[in-house]
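First comes the structure, then the notes that go with it.
In this chain, residues are counted from 1 in sequence order.
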Amino acid sequence: QVQLVESGGGLVQAGGSLRLSCAASGRTFNSRTMGWFRQTPGKEREFVAAISWSATSGYVADSVRGRFTISRDNAKNTVYLQMNSLKPEDTAVYYCAAATSFTAVSAGTDPARYNTWGQGTQVTVSS
């Protein structure tokens with residue numbers, strides 16, 4: 001079973017940058033699509049980015065395209081979310097997630113395809 005721990009959240013001014021990390025434990029990490037989602041109070045969890053197990057394919061949401069980049073280092077069992085040009089509307093709790101086995105990255109926008117979630121890390125962007 002994979003376990004996930006996010007880090008790197010915090011308070012940043014608009015226009016600033018943060019890099020989130022998601023450290024994974026478990027033997028199957030390297031074979032699974034990984035994703036980042038975010039959630040604000042009263043709203044559904046929103047897809048941010050996903051990356052294939054081999055890191056050769058990735059998707060990002062339209063709302064963050066050109067500003068956020070997802071990457072992974074399978075040797076370190078870690079997934080990253082580099083967030084640049086942050087906006088106040090990016091404020092949310094960010095969650096790392098591991099998809100069920102054999103989930104293609106093209107299906108990785110759907111939170112229902114993920115069966116392992118981290119505890120979340122707060123990102124706050126001030127105007």
Side-chain angles (χ1 to χ4, degrees):
Q1 181 65 286
V2 174
Q3 294 183 321
L4 306 172
V5 178
E6 301 100 332
S7 62
L11 173 64
V12 64
Q13 288 189 332
S17 298
L18 284 174
R19 188 176 80 157
L20 305 184
S21 298
C22 173
S25 62
R27 294 182 300 161
T28 63
F29 168 81
N30 291 355
S31 64
R32 297 170 72 172
T33 291
M34 298 294 295
W36 286 96
F37 291 78
R38 65 187 182 186
Q39 190 170 24
T40 54
K43 293 188 177 181
E44 293 186 353
R45 199 160 289 188
E46 174 191 15
F47 169 75
V48 176
I51 189 167
S52 65
W53 69 269
S54 62
T56 55
S57 298
Y59 286 89
V60 293
D62 290 343
S63 58
V64 304
R65 185 168 292 118
R67 301 187 296 121
F68 291 13
T69 303
I70 187 171
S71 62
R72 68 190 294 167
D73 185 339
N74 285 344
K76 296 183 178 179
N77 278 14
T78 303
V79 179
Y80 305 97
L81 185 68
Q82 178 66 44
M83 305 186 295
N84 299 328
S85 302
L86 282 161
K87 304 175 181 180
E89 51 263 44
D90 294 320
T91 295
V93 177
Y94 282 72
Y95 296 91
C96 172
T100 55
S101 297
F102 308 115
T103 295
V105 68
S106 56
T109 61
D110 181 2
R113 302 304 296 266
Y114 294 80
N115 62 352
T116 305
W117 295 83
Q119 82 288 353
T121 185
Q122 177 70 47
V123 171
T124 302
V125 184
S126 63
S127 57

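With sequence neighbours left out, the side-chain hydrogen bond (donor to acceptor under 3.5 Å, both in side chains) criterion links Gln39 to Arg45. Checked against side-chain hydrogen bond (donor to acceptor under 3.5 Å, both in side chains), Thr124 has the following partners two or more places apart in sequence or in another chain: Gln122. Contacts of Glu46 classified as side-chain contact (heavy atoms from CB on, under 4.5 Å), with partners at least two apart in sequence or in another chain: Arg38, Ser63. Checked against side-chain contact (heavy atoms from CB on, under 4.5 Å), Ser101 has no partners two or more places apart in sequence or in another chain. Scored by the side-chain hydrogen bond (donor to acceptor under 3.5 Å, both in side chains) test, Asn115 finds Arg32 as partners (sequence neighbours excluded). The side-chain contact (heavy atoms from CB on, under 4.5 Å) search around Val105 returns Thr33, Ala50, Ser52, Ser57, Tyr59, not counting sequence neighbours. Under the rule for a ring-ring contact (aromatic ring centres under 6.0 Å, His included), the partners of Phe47 that lie at least two apart in sequence or sit in another chain are Phe37. Legend: residues meeting side-chain hydrogen bond (donor to acceptor under 3.5 Å, both in side chains) with Thr100, ordered by chain and number and at least two apart, are Thr103.
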Could you tabulate the donor-acceptor pairs under 3.5 Å formed by side-chain atoms of residues 10-23, not counting sequence neighbours?
residue : atom : partner : partner atom : Å
Ser17   : OG   : Asn84   : OD1          : 2.9

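In this structure, Phe29 and Val79 have side chains that are in contact, with non-hydrogen atoms separated by less than 4.5 Å.
If you chain together ILVMFWY residues whose side-chain heavy atoms come under 4.5 Å of each other, Trp53 ends up in a group of its own.
Checked by atom type and distance alone, the side chain of Tyr95 never pairs as donor or acceptor with a backbone atom of Gly35 at under 3.5 Å.
Pairs of residues two or more places apart, or lying in two chains, never qualify as salt bridge (Lys or Arg N to Asp or Glu O under 4.0 Å) while including a residue from residues 94-122. Within the structure, salt bridge (Lys or Arg N to Asp or Glu O under 4.0 Å) contacts touching residues 75-89 (residues at least two apart or in different chains) do not occur.
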